[in-house]
Structure formats: structure tokens, C-alpha cells
Amino acid sequence: MPDIIEINVPFEEIIARKERVTQAKRFMETDRVPVWPSIQYRYLLPVIGTRFHDYYNDPQVMLRSQILAQKWLMENVKTDQYDITGAWIGGWTDFQNATEASALGCEVFFPENDIPWVRGGWVKTDADLRRLEQIDVVNSGLNGRQVAFRHAMIEIAEKYPVRFLGGPIFYPGANPALTNISDGPFTVAAALLGYTEIFAAVIERPDFVSELLSIVTDKIVAWLDFCWTEVQIPHRDFAWADDLAAYLSPKVYHAIVLPYEKKLRFHFDGRVSLHMCGHTNHLLRILADELQINEYDGFGWEVDLDLIGQVMGGRVVLIGNVNPLIVATGTPVQVKAETRRVIEKLAHYKGLIIQDGNNIPPGSPVENINAMMEAAQEYGRYPM
Amino acid sequence: MILEMLAEALYHGRANEVTNLTRRALAENISALQILQDGLLRGMDRVGCEFKAGELFLPEVIASAKAMHAGLSLLRPLLAQSPSTRLGRVVIGTVQGDLHDIGKNLVAMMLEGAGFEVIDLGVDVTATRFEDAVRQFQPDLLGLSALLTTTMPEMPRVIAALDSAGLRRQVKVMIGGAPVTQHFADEIGADGYAPNAPAALELAKRLQAYRIDNENPSG
């Protein structure tokens, strides 16, 4: 029997966190506003001393690192995160945001000391669209590698038993998640066409962009359907992002992108969660009314809090939006003040979970991250 | 009248119309400099202001920048005869380890649209390559972009490389990108920081004016 990896957080505490987050997602009053900092493996791998090169080339290193990273996070960061399995939070075939573009023919660059990135687009002509249609999205590029890593993780899962204090033993590698989330039709299409080129093309070649989005959306859905079957996901909840779409006007977003966002979103009839970083004031109403999102996850720090409260408060769970640059370069006092501002503007709607807006930069001081929780404990107690 | 129409066509990003109106204006013996200043740049200034105010978005700005290029391609040979119309030369690039280029491209387009000569080194540019480009092209300004907190430290490396090569004093360094701040610019000894593309254009004009004033104090 291998040594059990003990995470020094009491199991009852984990249950309490889950209850707090679940209640917030139902717009119920909890004891306080929950806090769930978004800390990804770009931050965590250097902390535990794993080289990115090793992480992306060996499924055993990936699985072990994820468990140790989540153990560090759980023991050092003040958070209401309550589990360490699933995409983004451990036991996951993690190739970051490169999987979809890679599976659809883009070249991926693996730096020595960072996460993988996608190199520019290859879809320029109608003939390229026809080639794109022929791609087997499940077995190509990094998606094929995800499946191989998943099987390898399952084979070694028993080497890595994990336990919270006083809780049952579990195996994060037993059924690791594939990347069952999406970067979104527009952002994936941008990778294929070119990140700058697509913004010119929505005006110059809108029909071409629409056809590209249509093919991309079908490919995304095909991959997601595969994930649900392969991993036997027991629900129809879904989370996706579409960061680059934030740079579009409401008119262009509505005319060109929204039909495909809807196709993706309404493929799922469970809870849906959208992430869109940056300045999205101009799209909030469309996201709430037409996409009918249940959660707005990690919304950007530039979003106007009064506006988002008016548009989404009380009907969309709001997860955000402390400025991550303040977390990275400010002081705990500044982070606390910023968190307090979010709480004072949005907590009375209920359905608020404090997070950075979005993604805590590598190297951010832990005391700054923890200042978000300290603010919630001090200013975020219900009833208000 | 025709210059107002030109400004309007540029604002709406209609490249063909800009080409036709520029040709017509030249045929009417309006000087290239006046077409640039009262037509193209007036339209581009409006684009910049509205983009900064959140009233225009990236596709519209890119369309206007492309229309600007269409007009400039006709004017450039004529303007070249008058060196005073070139605002300055800029070398720009995204620092090593970073492949993001939307912001950098937009800044390059707006600078070029405003009359700067832009040499775009692309993405993932090493400090040595920036240093070589400064030596080779002798730019007035150097623009460094980074989207990632992990690649921001490349910016002081570029400045250090310029220092070591004895090139730092001949070029103003401006920096930008989502995680970059004025505080960071001050800390690493950059000459300026801009939070967005229109602000980058304003900064470039300001730095260049400062440069010219200090190089020609009597002028």
C-alpha cells in the first residue's frame, strides 16, 4: 500500500466549504460570502518545484504534481475550494488553453518554463475550411494526447491515494477529467484564423467567419460529447469561456458570434458557467438575457460593479472580480480594500463568490491572496 | 468638403472610399500634407477617442487602420519629399517568451496610421534582437509589449541590454500590455507606459516631441 498523501484540512471543513458555495450558488444567505481564488498550475508548479517540461511530457509527473500542488494550495491558501478533482483543480489531463486549437491543426509551442501556447492561424481560405471539416477532433493533436494521458493516469492511480484529515481515502487519478470545458467558438476560431486577422475578418468577411465558427462549434461539441461518454460525467453542467469575444461590439457579437455561443450553451441543459475576462460591460445584458448563463465566472476586474449588479444581480451567480494585478503587486491592505468594495456592491444580491478577476499571476504573495478571505470574514458576513 | 468626407470614410473603415477620395483630393491639387492632417488624421483621431471611451471596438479600429493605410499608400511618396511629415521611427515587438500580439499589432497600426514609420519585429523577440534592431534601424522609439506576468521581466532585460550596448540614450522606451503598469514602467526605467493603443499613440507623440525639443533646444 503506497503512502497516503494527507491534506491537512479537516474533512468537516471541506464539507462546510461545499455547503457554503452550494448555498451561494442557490442565492441563499450563507454565514459569509465564499471566497475561491483562481490559482492555476502556472502559479502552482513553480511553488512545488515541478518543471513545466516534465509536467507536460509524463502523465505520472502531471498527476503527482497536481495532487501535491492542490495539497499546497489547500494548506496555504485561505479558500472555500472543496475538492481537488476535475478540470482546473487536479486529476486532469491539463494542456491548458492549447487543446482545442491543437486538435484543429494549429502548431503548439511548449516553452521550457511555462504553459503551452498556440502559434498563429492556418485557416485562410474556403479550401482550408474544407480541410478543417475533415479533422478528427477527438484523436488529433493534444486531444489525442489527453486521452493517452488519461489512460496512463488511470493505470497508476492507486499509487496516489489522498485523504483529507478524518475523511475517506480517494484516488484523483482513478477517473481523471479530460478538458471538458471550452475556450469558446470565437477564441478557438481566432486561433485558427489568426488572433488579429479575425477582428478584421468579422467586418471584411463575415460569412467566412460565420462558416468558420459553425465548423469550430460542431468540433467543440463533438469533443465534449466524447468527454461526457469517456469520463461518464453524471450531469449536464458545462463551463466555457470566450475571452476574445469581449473585444467585439454588441452588434458584431450578436450578429456573428452569439448564434454559435447559443448552439454550444444550449447543447447542455444543466447549469452553465461562462468565463469572459476583460471589459465586458457592453455584453452583460446579452450574456444574461440571451445566453441565459447561470454563473459568470471570474469576470474581469474592469467590469462596472453597479452595472453588473443591475443586469445580473440576483439571477446570475457572480464570481469575481478583485483586480489580480493588485493581488500580484499590491499589499494585503489594498487587496482587502478592493475585496471589500466588491462585497459592498454585490453581496446584497446574494449569489456572490469572491474571486480574482481573473487568474492570479504566478509569484503573487500568499498573504495578498489570503487577504481576500480576510475581507470576506470581516465585511462579508450575512445577514448584512 | 472632400477632406470631411475623407475623415468620415476613414472613421467608418471604408478603404476603397478612402482610396478614391484621396485620389480625388490630390487631383484637386490639395497638398498631401493637408490631406493627411485634415482628412486621414482627423478621422483617425475620432476613432482613437471613441475606442478609448469604449464606444468603438477592435474590429472597427482595425478597419479604420486599414483604411488609413490605403490612403497613406497614395500619400507616402509625396510626403517622403517633406521629411517634416514623418513623426518618427518606431521599433516594436512582443518580448521573448510571449506570443501575444493583438495589442502590439493595434499599437503598430495606430502609430503607422498617425505617420510614424513602424518596424514590427513580431512576437517572442529576444533582448538581443531588440538591441540589434535599435542599432540597425536607429529608431526614435522602442515599443515593448507583454501580456503575461511571467514575460514582463523581459522588459528590464531589454533595457539592460540597450544600456550595456551604449544604445539606451538614443531611444525612448515605451511599454504596454495587460499586466503592465506605470509603477512597473517607473521601476524598470522605461520612458513611458500606455494602458491602451490610443494612449500609446499619445505617449509616442509626447515622447517624440520631448526628444525633438531636447535635441534641438533652440528650435
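Lettering follows sequence order; numbering is per chain, from 1. Computation of the quantities below employed the complete heavy-atom set of this structure, encompassing side-chain atoms and omitting hydrogens, waters and symmetry-equivalent molecules.
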With a 4.5 angstrom heavy-atom cut-off, could you sort out which part of [X] is near chain A: side chain, backbone, both or neither?
X         : result
Asn105(B) : side chain
Ala178(B) : backbone
Met109(B) : side chain
Glu55(B)  : neither
Leu58(B)  : both

Which atoms of [X] approach chain B - backbone, side chain, both or neither, heavy atom under 4.5 Å:
X         : answer
Ile198(A) : neither
Pro111(A) : neither
Leu325(A) : side chain
Glu204(A) : side chain
His279(A) : neither

Is it true that a side-chain atom of [X] and a backbone atom of [Y] form a donor plus acceptor pair closer than 3.5 Å?
X         : Y         : answer
Asp140(B) : Arg89(B)  : yes
Asn321(A) : Gly357(A) : no
Ser64(B)  : Leu10(B)  : yes

Taking CZ in Arg51(A) as the centre, count heavy atoms belonging to other residues, nucleotides or ligands within less than 6.0 Å. Is the count above 12?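 Atom CZ in Arg51(A) is crowded, with more than 12 foreign heavy atoms closer than 6.0 Å.
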Other residues, nucleotides and ligands only: do more than 12 of their heavy atoms fall within 6.0 Å of CG on Asp306(A)?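 More than 12 within 6.0 Å, yes.
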For Phe110(A), does the six-membered ring have the charged nitrogen or CZ of Arg145(A) within the cation-pi criterion, i.e. under 6.0 angstrom from the centroid and within 45° of the normal?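 Checked: cation-pi criterion met.
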Run the ring-ring contact (aromatic ring centres under 6.0 Å, His included) check on Tyr247(A) and Phe57(B) step by step: do they pass? CA-CA 6 Å; Tyr247(A) 294 102; Phe57(B) 295 85; 9.4 Å; no
Identify which of Ala65(B), Pro59(B), Pro179(B), Gly97(B) forms the greatest number of heavy-atom pairs closer than 4.5 Å to chain A.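 Of the candidates given, the most pairs with chain A belong to Pro59(B).
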Between chain A and each of Asp124(B), Ile62(B), Ile102(B), count heavy-atom pairs under 4.5 Å; write down the option with the most.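 Most pairs with chain A among the choices: Ile102(B).
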Looking at Asp243(A), Asn97(A), Asp242(A), which one forms a side chain to side chain donor-acceptor pair (under 3.5 Å) with Thr187(A)?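 Of Asp243(A), Asn97(A), Asp242(A), side chain to side chain donor-acceptor pair (under 3.5 Å) with Thr187(A) is met by Asp242(A) alone.
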